[in-house]
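For the numbers below, each heavy atom of this structure counts, side chains included, while hydrogens, waters and symmetry mates do not. FYI, the numbering just counts along the sequence from 1. What you see is a predicted model; the values in this text were computed from it and never measured.
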Amino acid sequence: MMATPPHIMIQEVAPRDGLQIEAKWVETSEKIRLINSLSAIGFGRIEVSSFVSPAAVPSLRDAADVFAGIERRPGTIYTALIPNRKGAELALAARADELNFVMSASETHNLANMNLTHAQSLASLAEIVKPARACGAMVNATVATAFGCPFEGVQPFEKVLDIVKRYLDLGVDGVTLADTTGMANPIQVSQLVASVLMLVPADMVTLHFHNTRGLGLVNVLAACDTGVRRFDAALGGLGGCPFAPGASGNVCTEDLVNLCHETGLRTGLDLQRLIDLSFRLPGLVGHEVPGQVAKAGRPLDLHPIPERLRRSA
């Protein structure tokens, strides 16, 4: 008998990472509607919003209202991105199930993104874990620019691994390696992820890829080959870091689901429902989105035989 195909957990980040870079304001009610639709499809994790300075990311200034308005599906973890203790307090008050703390491997990018040095960020994380535990929330810690920084270039593996060790020492529940500006390549991914898995069990590791240079799905497969099974993705391929020059969208959720299903990997997600939901995004954000499967259709969505061929049959 054939072994059961691996199950890939796709974590939806469009409501946060997808919308944070959008110039057009998306109404709170529309954000809530989008998250409720994603919940109904059955995602195990949805990144709802972020509790950062409204001056820095005005498109997500309604984070508390969005958390208050969503319908929470049993079994789904609703996550908030946070940069510091103040953000954590606001997220816990909003009843986030998980706090996603972010620090960049590149100190230059961390200063641009969070206005904090590494030492300051780590001191903030040390203040966050215990209060989160007391509220029953988990803490995930992300290493942004893990595969390269637009200011400093490639980050040494030793630097990334040291940050992962520091996260673990502070008691986090999971670690994410983020390719913030799409600088990763599959060989680099395989090597870094294999090194991280010597420190962290695979079920605690998430990979977050952007498709800036067209390698997002290839990098997913490279990480999958190392044993990682958790990946962030954004509906329609929305997203990008507002503080990283040249940033563009995340790996597209429906494209990733299609890849998994075509290669025998299970996701538990309905591709057609994702495509239907993706069709709503241009009206929401005011422009076309980069996802490809929604435009082309599923591989076996066949088309009518041309009339001239049917007449000659």
Side-chain angles (χ1 to χ4, degrees), residues 7 9-17 20 28 31-32 34-54 57 60-103 114 116 121-144 163-178 199-208 228-233 268-269:
H7 184 275
M9 179 181 287
I10 298 177
Q11 304 173 168
E12 180 57 56
V13 300
R16 195 280 302 176
D17 197 347
Q20 70 177 3
T28 303
K31 292 172 182 167
I32 291 170
L34 173 62
I35 293 164
N36 288 345
S37 296
L38 293 166
S39 294
I41 289 174
F43 284 93
R45 247 185 192 84
I46 300 173
E47 195 170 46
V48 171
S49 194
S50 66
F51 288 89
V52 298
S53 167
V57 187
L60 300 181
R61 64 183 181 268
D62 56 353
D65 292 333
V66 174
F67 264 98
I70 60 175
E71 299 172 9
R72 299 184 184 231
R73 171 183 170 269
T76 296
I77 295 166
Y78 296 92
T79 299
L81 181 138
I82 54 107
N84 51 35
R85 181 175 180 174
K86 180 180 179 181
E89 290 170 350
L90 293 171
L92 293 172
R95 297 192 302 115
D97 299 317
E98 181 179 65
L99 310 182
N100 183 18
F101 172 86
V102 178
M103 183 179 84
M114 300 296 181
L116 296 171
S121 283
L122 290 168
S124 291
L125 179 58
E127 297 176 331
I128 287 167
V129 176
K130 284 187 179 179
R133 292 270 192 281
C135 292
M138 297 177 290
V139 178
N140 183 80
T142 293
V143 186
I163 292 172
V164 171
K165 289 175 185 175
R166 289 173 181 266
Y167 285 170
L168 296 173
D169 288 344
L170 291 171
V172 301
D173 300 289
V175 172
T176 296
L177 303 177
L199 303 174
V200 191
D203 62 0
M204 287 178 61
V205 178
T206 298
L207 270 294
H208 179 107
V228 172
R229 297 291 181 261
R230 288 170 50 169
F231 297 92
D232 288 345
L269 299 170

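- Within the 4.5 Å cutoff, side-chain heavy atoms of Asp17 are placed close to those of His208.
- Environment of CZ in Arg95: sparse, with no more than 12 heavy atoms of neighbouring residues, nucleotides or ligands closer than 6.0 Å.
- Pro15 has its side chain out of reach of Lys31: every pair of non-hydrogen atoms, C-beta onward, lies at least 4.5 Å apart.
- Residues Phe51 and Ala94 come closest through the heavy atom pair CZ-CB, 3.7 Å.
- Here the side chains of Arg133 and Asp173 are in contact, with some heavy-atom distance below 4.5 Å.
- For the pair Ala63 and Ser50, the tightest heavy-atom approach, listed with the atom from each and the gap, is CB-O, 3.5 Å.
- Residues Arg16 and Leu60 are in side-chain contact: their nearest non-hydrogen atoms beyond the backbone lie under 4.5 Å apart.
- Between the side chains of Asp65 and Thr28, no donor N or O sits under 3.5 Å from an acceptor N or O.
- Side-chain contact check for Met138 versus Ile77: some heavy-atom pair is nearer than 4.5 Å.
- Here the CG-CZ distance, from Asp97 to Arg72, works out to 5.5 Å after rounding to the nearest 0.5 Å.
- The CD atom of Glu89 sits 9.0 Å away from atom CD of Glu127, with the distance rounded to the nearest 0.5 Å.
- Side-chain contact between Tyr167 and Val143 is present, with at least one heavy-atom pair separated by less than 4.5 Å.
- Between the CD atom of Glu47 and the CD atom of Glu12 there is a distance of 10.0 Å, given to the nearest 0.5 Å.
- How far CD1 of Ile35 is from CD of Glu71: 11.5 Å, rounded to the nearest 0.5 Å.
- No donor-acceptor distance shorter than 3.5 angstrom exists from the side chain of Arg230 to the backbone of Met204, with no hydrogens or angles considered.
- How far OG1 of Thr76 is from CD of Gln11: 11.5 Å, rounded to the nearest 0.5 Å.
- Among all heavy-atom pairs drawn from Tyr78 and Ser39, the shortest one is OH-OG, 2.8 Å.
- The closest side-chain heavy-atom distance from Leu125 to Met103 is not below 4.5 Å.
- Counting heavy atoms from C-beta on, the side chains of Phe43 and Arg73 never come closer than 4.5 Å.
- Under the 3.5 Å distance criterion, the side-chain polar atoms of Asn84 are left unmatched by any main-chain donor or acceptor of Ser124.
- Of all non-hydrogen atoms in Ile128 and Val139, the two that sit nearest each other are CG2-CG2, 4.4 Å.
- One distance of note links CD1 of Ile46 with CD1 of Ile70; it measures 7.5 Å at 0.5 Å rounding.
- Pro83 approaches Phe101 most closely through the heavy-atom pair O-CE1, 3.5 Å.
- Counted by atom type alone, Asp232 and Thr206 present zero donor-acceptor pairs between their side chains at under 3.5 Å.
- Here the shortest heavy-atom pairing between Ile82 and Ala91 reads CG2-CB, 3.8 Å.
- One N or O on the side chain of Asn140 and one on the backbone of Val175 form a donor-acceptor pair closer than 3.5 Å.
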